[in-house]
Trainee: 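Sharing a structure, written as structure tokens. Questions coming.
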2 protein chains.
Amino acid sequence: MSENELNTEQLILIAARKVFTHKGFDGARMQDIANEAGINKALLHYYFRSKDKLFESIFKDVIKTFFPQIVSVLVADIPLFDKIHRFTESYIDILVKNPDIPVFVFHELSVNPHRLIGNIRETGADIGIIGEQLRKEAEAGNIRPVKPEHFIANLISMCVFPFIARPVLMGIMKMDAQGFDSFIEERKQIVPDDIIRSIKV
Amino acid sequence: MSENELNTEQLILIAARKVFTHKGFDGARMQDIANEAGINKALLHYYFRSKDKLFESIFKDVIKTFFPQIVSVLVADIPLFDKIHRFTESYIDILVKNPDIPVFVFHELSVNPHRLIGNIRETGADIGIIGEQLRKEAEAGNIRPVKPEHFIANLISMCVFPFIARPVLMGIMKMDAQGFDSFIEERKQIVPDDIIRSIKV
DNA sequence: CAGTAATTTAACCAAGTGGTCAAAGGTATG
DNA sequence: CATACCTTTGACCACTTGGTTAAATTACTG
């Protein structure tokens with residue numbers, strides 16, 4: 001077997017991720033996933049015992065590949081304004097490659113909070129470091145004092161929301177798919193600029 | 001019959017809205033809705049022919065009661081900075097009363113864009129007026145020139161996103177339900193302030 | 001109050017769902 | 001080649017689903 005050939009388990013995971021993120025847990029059919037993977041439905045139960053178990057694998061995987069990439073920039077030891085620029089750019093890049101993830105995650109979290117919230121907690125995301133950085137910059141007189149909760153909420157909101165509201169934004173702004181892509185590309189500059197303008201003294 | 005007594009059709013609509021917005025179309029069961037309304041399942045099909053038809057009623061209704069309230073402020077003939085404050089306050093107020101609506105709408109739109117996008121188009125939301133206002137304010141030297149698409153995207157993002165990401169934000173910011181409410185209340189001031197700071201000359 | 005129409009119900013149905021299982025096919029090891 | 005083990009499959013099952021229907025109940029109307 002060649003190196004780049006995928007084994008059945010990987011094949012299932014890829015197919016399941018595609019179907020679950022597109023249709024959600026309730027909308028996804030085991031048969032859909034089997035078809036997408038080009039295998040028999042019973043094989044899904046052979047590798048993963050149930051739909052729930054399979055879903056949990058996917059959800060865990062999505063969270064574990066998403067959050068750390070984002071958090072790593074936020075807690076990095078680099079100047080604040082650099083950090084804001086880098087965060088925006090890398091976050092939007094990830095989202096361009098995975099545009100369905102936000103709606104998927106937030107919907108599942110909303111429908112089933114108690115069961116899935118643990119996966120978020122486990123990531124150990126912490127705003128302590130960025131809070132400290134904001135405090136120091138304010139003390140040094142580089143920015144005005146800001147609450148880290150709102151700073152982070154603003155930053156993440158402006159990056160993620162357009163991907164969640166894509167069809168609505170395309171509607172009210174009369175953009176086609178290509179127009180939306182340019183719009184997103186522009187935001188890599190606009191978002192950090194506006195954020196920095198809003199915190200500068 | 002007293003005035004405040006609801007007829008069966010209204011009863012169904014209220015129950016259906018609750019179940020659909022909580023569980024989504026795929027997760028909602030006709031039996032759930034019947035139970036919630038305290039009626040027989042067959043009655044749902046008597047008043048609304050199918051699950052699809054019932055859902056469409058709810059979705060249309062949600063869109064029609066949501067969008068106009070938001071757009072009306074955006075196109076009102078009031079000074080820009082007032083408008084930003086009023087928009088934020090009224091939008092957040094609506095969201096506090098209907099916290100599940102954003103995730104519901106965006107998920108359904110994401111799972112079934114072709115079928116539902118018409119409901120958005122019909123609202124006739126238009127950013128022309130606010131675009132014009134921004135242009136004039138920039139000409140008058142009150143703000144710097146900004147692209148209306150990004151201005152609106154920023155404004156809406158910062159208002160709506162916290163409601164979409166509520167469980168995640170509560171997790172990383174270590175807030176309980178009450179803490180989240182205060183956080184949202186704070187944003188009525190923070191969001192317009194930050195937006196205005198970002199566009200002032 | 002009779003009779004007609006609108007409303008509500010319980011029982012039922014066909015299709016689709018997640019899940020099981022025994023058997024077949026494949027692969028490594030002695 | 002035999003044997004044991006892992007992988008894959010088609011057929012199947014119990015249960016849930018949206019939806020139907022005929023009968024029962026209620027409301028309206030002359």
Side-chain angles (χ1 to χ4, degrees), chain A residues 1-62 104 107-108 111-112 114-116, chain B residues 1-62 104 107-108 111-112 114-116:
Chain A
M1 300 184 191
S2 67
E3 279 292 313
N4 55 4
E5 214 167 292
L6 299 162
N7 65 31
T8 306
E9 192 170 340
Q10 293 170 316
L11 220 57
I12 293 174
L13 285 170
I14 291 168
R17 178 165 168 148
K18 183 169 175 182
V19 174
F20 277 135
T21 54
H22 271 66
K23 306 193 178 187
F25 177 83
D26 290 320
R29 302 283 153 253
M30 291 298 266
Q31 190 61 59
D32 295 340
I33 297 171
N35 292 346
E36 178 72 33
I39 56 162
N40 188 286
K41 181 165 71 86
L43 253 193
L44 297 179
H45 292 92
Y46 176 76
Y47 282 95
F48 306 83
R49 296 189 7 173
S50 65
K51 188 186 179 184
D52 282 81
K53 291 273 203 309
L54 177 55
F55 176 80
E56 206 129 321
S57 296
I58 300 298
F59 195 83
K60 271 188 164 64
D61 186 57
V62 165
F104 167 68
H107 171 253
E108 300 301 339
V111 167
N112 224 327
H114 47 291
R115 194 181 119 202
L116 301 174
Chain B
M1 300 183 190
S2 68
E3 278 293 310
N4 56 4
E5 217 166 286
L6 298 163
N7 65 34
T8 307
E9 192 172 339
Q10 293 170 315
L11 220 59
I12 293 174
L13 285 171
I14 292 168
R17 178 168 169 147
K18 184 170 175 181
V19 174
F20 276 135
T21 53
H22 271 66
K23 306 193 177 185
F25 178 83
D26 290 320
R29 299 284 153 254
M30 291 299 264
Q31 191 61 59
D32 295 340
I33 298 171
N35 292 345
E36 179 72 31
I39 56 162
N40 189 284
K41 180 165 70 87
L43 255 192
L44 299 178
H45 292 92
Y46 177 75
Y47 282 95
F48 305 84
R49 295 190 9 177
S50 65
K51 186 184 181 185
D52 282 82
K53 292 274 203 307
L54 177 56
F55 176 80
E56 206 128 320
S57 296
I58 301 297
F59 194 82
K60 270 188 167 60
D61 186 57
V62 166
F104 167 68
H107 171 253
E108 299 301 338
V111 166
N112 223 327
H114 47 289
R115 195 182 118 199
L116 300 175

Trainee: How many Å lie between CG on A/Asn7 and P on C/dT27, as a whole number?
Mentor: 15 Å
Trainee: Return the value, rounded to whole Å, for the distance between atom CZ of A/Phe48 and atom C1' of D/dT7.
Mentor: 14 Å
Trainee: Does the side chain of A/Tyr46 come within less than 4.5 Å of A/Leu43's, by heavy atoms?
Mentor: yes
Trainee: Measure CG/B/Asp26 against P/C/dG16 and give the value in whole Å, please.
Mentor: 15 Å
Trainee: Output the rounded distance in Å from NE2 (B/His45) to P (C/dC13).
Mentor: 17 Å
Trainee: Do the side chains of B/Leu13 and B/Asp61 get nearer than 4.5 Å, heavy atoms only?
Mentor: no
Trainee: Within the supplied structure, the quantity of interest is the number of heavy atoms (other residues, nucleotides, ligands) at a distance under 6.0 Å from A/Arg115 CZ; does it exceed 12?
Mentor: yes
Trainee: Tell me if a side-chain donor or acceptor on A/Lys53 pairs with a main-chain N or O of A/Tyr47 at a distance below 3.5 Å.
Mentor: no
Trainee: Given the side-chain rings of B/Phe104 and B/Phe20, with only the six-membered ring counted for Trp, is the space between their centroids under 6.0 Å?
Mentor: no
Trainee: Do B/Lys51 side-chain atoms and B/Phe25 backbone N/O form a donor-acceptor pair below 3.5 Å?
Mentor: yes
Trainee: Restricting both atoms to N or O, compile the protein contacts to nucleotides 14-17 of chain D shorter than 3.5 Å, with distance only.
Mentor:
from, atom 1, to, atom 2, distance (Å)
D/dT17, OP1, B/Arg29, NE, 2.8

Trainee: Grab the CG-C1' distance between A/Leu44 and D/dG10 for me, whole Å please.
Mentor: 15 Å
Trainee: In sequence, state the C-alpha distance, the side-chain angles, and the governing distance for B/Asn35 and B/Gln31, and then conclude on side-chain hydrogen bond (donor to acceptor under 3.5 Å, both in side chains).
Mentor: CA-CA 6 Å; B/Asn35 292 345; B/Gln31 191 61 59; 3.0 Å; yes
Trainee: Residues two or more places apart in sequence or in another chain: which of them pass salt bridge (Lys or Arg N to Asp or Glu O under 4.0 Å) with B/Lys23?
Mentor: B/Asp32
Trainee: To the nearest Å, give me how far apart NZ (B/Lys53) and C1' (D/dG18) are.
Mentor: 13 Å
Trainee: Anything under 3.5 Å between a protein N or O and an N or O of nucleotides 5-9 of chain C, put it in a table, one pair a line.
Mentor:
from, atom 1, to, atom 2, distance (Å)
C/dT7, OP2, B/Tyr46, OH, 2.9
C/dT8, OP1, B/Thr8, OG1, 3.0
C/dT8, OP2, B/Thr8, OG1, 3.0
C/dT8, OP2, B/Tyr47, OH, 2.8
C/dT9, OP2, B/Asn40, N, 3.1

